[in-house]
Amino acid sequence: MRTHLCGDLRSSDIGKEVSVCGWVGRRREHGEHLAFVDLRDHSGLLQCVINNNVDVRSEFVVRITGVVRARPDGTVNNSLPTGEIEIGDCEVEILRRADPPPFSIDDRANDVDENVRLQYRYLDLRRSRMQRNLRVRAKVNSAVRTAMERQGFVEVETPMLVPSTPEGAREFLVPSRKSPGEFYALPQSPQLFKQLLMVGGTDRYYQIARCLRDEDLRADRQYEFMQLDMEMSFVTQDDVLNAVGEAVLSAAEAVLGERPPEIERITWHDAMNRFGVDKPDLRFGMELMDLTEVFVSTEFKAFAGAESIKGILVEGAASEFGRNQLDKLTERAKGIGAKGLVWLKVTEGGFESPVAKFLSEAEAQMVRDQMHASVGDLILVVADEWATTCEVLGTLRNDLGRPPVHEGPYRYVWVVEFPLFVGVDPTTGNPRPGHHPFTRPHPDDVDRIESDPLSVRSIAYDLVLNGWELGSGSIRIHEPELQRRVFAALGITEEEADNKFGFFLRPFDYGAPPHGGFAFGLDRLTAILAGEDNIREVIAYPKTQSGADPMTKSPLPVDATVLSDLGIRVLPQAD
RNA sequence: GGUCCCGUGGUGAAGUUGGAGUUCACGCCGGCCUGUCAAGCCGGAGGUCGCGGGUUCGAGUCCCGUCGGGACCGCCA
């Protein structure tokens with residue numbers, strides 16, 4: 001039907017007779033014998049000059065045949081890639097009339113209520129922003145797939161109807177028709193199947209996998225999302241990180257045209273110590289500075305004997321923060337678990353602060369030195385257990401300094417050596433797994449699984465970009481003895497382990513190779529590379545925060561006979 | 001489960017101390033217009049102020065509830 005795409009035509013095409021198809025964007029009429037129509041397809045806008053009286057309205061679908069010509073002097077539009085030319089002698093064929101759209105199919109729709117955009121997603125998708133985002137997404141998928149193929153990974157599809165497992169995220173359940181009362185689950189991830197692919201000798205597996213989790217939605221979380229899922233046999237952590245890094249950097253290069261530098265690494269402990277979070281945003285400073293030594297023999301009761309005292313420096317912020325805002329910061333700190341928050345405004349004479357009188361001259365001087373503080377800066381200090389101090393200041397640091405996630409520069413970082421166990425279950429007194437119970441302990445720490453479990457590091461790692469967790473992975477345990485020791489530390493008896501994980505672990509007895517893997521979220525990576533701070537903008541048909549789709553109105557009730565076939569009866573809503 | 005913000009013609013907004021559905025921009029419909037480009041000019045249509053209750057002589061505005069949307073916490077081994 002067409003010879004060219006609207007956005008592709010240039011001065012070099014002048015003189016050609018062309019046919020273009022698309023939607024009518026803006027139309028500017030100048031009486032009966034002259035009208036300008038901006039024709040739109042996914043490639044861009046093209047001005048068509050119509051000299052006969054044709055009634056075309058917004059979003060009519062048309063085919064226009066005419067001749068490419070240079071625009072007259074003084075009428076070139078430099079803000080349009082096709083702005084030097086136009087189509088003249090137009091013959092217009094209306095392929096489909098259209099009702100006026102509920103919102104403009106251009107950048108003005110960025111301000112439209114997202115619920116309206118989602119209700120008319122097919123119109124929203126016509127816009128250049130959404131077309132661009134869909135294409136960024138396709139580029140990411142393609143680059144990732146190519147990179148994995150290049151490295152010898154084999155794409156294997158794993159099932160969507162899987163057994164329900166009690167661990168991890170809440171699952172979506174699918175009732176079985178043939179076995180009423182029994183259920184499949186939709187996979188939270190292909191974890192089980194990919195590890196058994198290693199037992200099955202696949203060696204290097206990958207999949208662009210759809211994962212489903214029935215947990216509350218956020219800007220970076222949907223019920224269903226895509227992961228680059230991978231697993232490799234006979235490898236070290238470095239092998240996995242290199243393979244994944246190759247895929248991620250290739251995707252970034254495909255979208256941005258430039259390959260990012262090698263991904264740096266930081267240990268979990270350093271990330272917590274310096275940034276107070278396990279997904280540090282390296283784009284800005286405001287690092288946590290240790291002040292514990294400064295106050296070893298302090299008279300100030302709130303600091304005396306604290307396990308960890310740290311501060312962050314908010315440059316030049318002393319005058320911006322009034323008492324009201326400082327009180328809010330204090331409330332925020334308490335909400336995260338701090339006993340309190342000490343603020344110090346740096347002045348010529350010393351500190352302006354409610355606690356200034358409790359600090360010795362020497363302590364004040366050391367704080368200023370340690371924090372590299374200047375007059376006009378604001379210092380926020382927390383004294384508590386190490387984890388609490390880090391977490392509170394890390395949260396305040398993000399609150400006060402973190403730019404929108406999509407803003408450059410892109411800072412990728414591997415966070416390595418996550419602890420094997422995190423915290424203690426308050427009811428059982430057993431440590432809780434940090435990643436999952438099949439995560440391999442760090443070889444240097446294996447001896448302490450029984451004696452000091454909370455100090456044991458694991459070979460587990462996260463990939464972080466601009467403060468967003470892109471994904472995580474680990475080297476797995478493939479030997480039964482080590483697995484037994486970790487289960488024992490978790491308080492899982494052999495019988496329980498067999499009941500809960502036997503279906504997964506028994507196959508290992510037939511010869512599981514050493515293996516490890518990773519999975520990272522393609523929606524999150526795509527959003528950041530596309531310059532969006534919400535993954536809904538890079539998903540064609542996303543759901544709202546309540547899990548609904550305004551376009552299809554799902555979820556919806558189903559007919560009673562359908563439920564009956566499945567052996568399901570719906571109970572009235574409990575109050 | 002929790003905290004906070006939002007809801008006014010198709011879209012985006014303004015709406016003062018509680019005083020008539022008032023206003024602005026875009027869009028839509030009609031007219032004029034031969035070089036515009038988010039065209040210009042003239043005219044017109046279009047609203048159960050999310051919904052329900054309450055206070056009041058009187059509610060878009062105040063109060064309570066509820067629904068919908070968003071950000072975040074919990075949750076996401």
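Residue numbers start from 1 in every chain, and the chains themselves are labelled A, B, ... in the order their sequence lines are given, proteins ahead of strands.
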Residues A:Thr65 and A:Glu91: side-chain donor-acceptor under 3.5 angstrom: no
Sugar-phosphate only, base, or nothing, as touched by A:Ser58 at under 4.0 Å among non-hydrogen atoms: sugar-phosphate
Touch class at under 4.0 angstrom, heavy-atom based, for A:Arg536 against every strand present: sugar-phosphate
Flag for A:Asn110-A:Arg127: side-chain donor and acceptor within less than 3.5 Å: yes
Any N/O donor-acceptor pair, A:Arg221 side-chain to B:C75 base, under 3.5 Å: yes
Closest nucleotide among B:G74, B:G70, B:G68 to the A:Asp216 side chain: B:G74
Sugar-phosphate, base or nothing in reach of A:Asn534, heavy atoms under 4.0 Å: sugar-phosphate
Any donor-acceptor N/O pair under 3.5 Å between B:C37 base and A:Arg71 side chain: yes
Watson-Crick or G-U counterpart of B:U3, or none if no pair lies under 3.5 Å: B:A71
Aromatic ring proximity A:Phe172/A:Tyr223, centre distance under 6.0 Å: yes
Sugar-phosphate, base or nothing in reach of A:Glu171, heavy atoms under 4.0 Å: nothing
Touch class at under 4.0 angstrom, heavy-atom based, for A:Arg40 against every strand present: nothing
Parallel, tilted or perpendicular, as decided by the 30° and 60° cut-offs, for the rings of A:Phe520 and A:Phe518: tilted
Sugar-phosphate only, base, or nothing, as touched by A:Gly434 at under 4.0 Å among non-hydrogen atoms: sugar-phosphate
Pair partner, B:C41 [Watson-Crick or wobble, under 3.5 Å]: B:G31
Base-pairing assignment for B:G19 (Watson-Crick or G-U wobble, both under 3.5 Å): B:C57
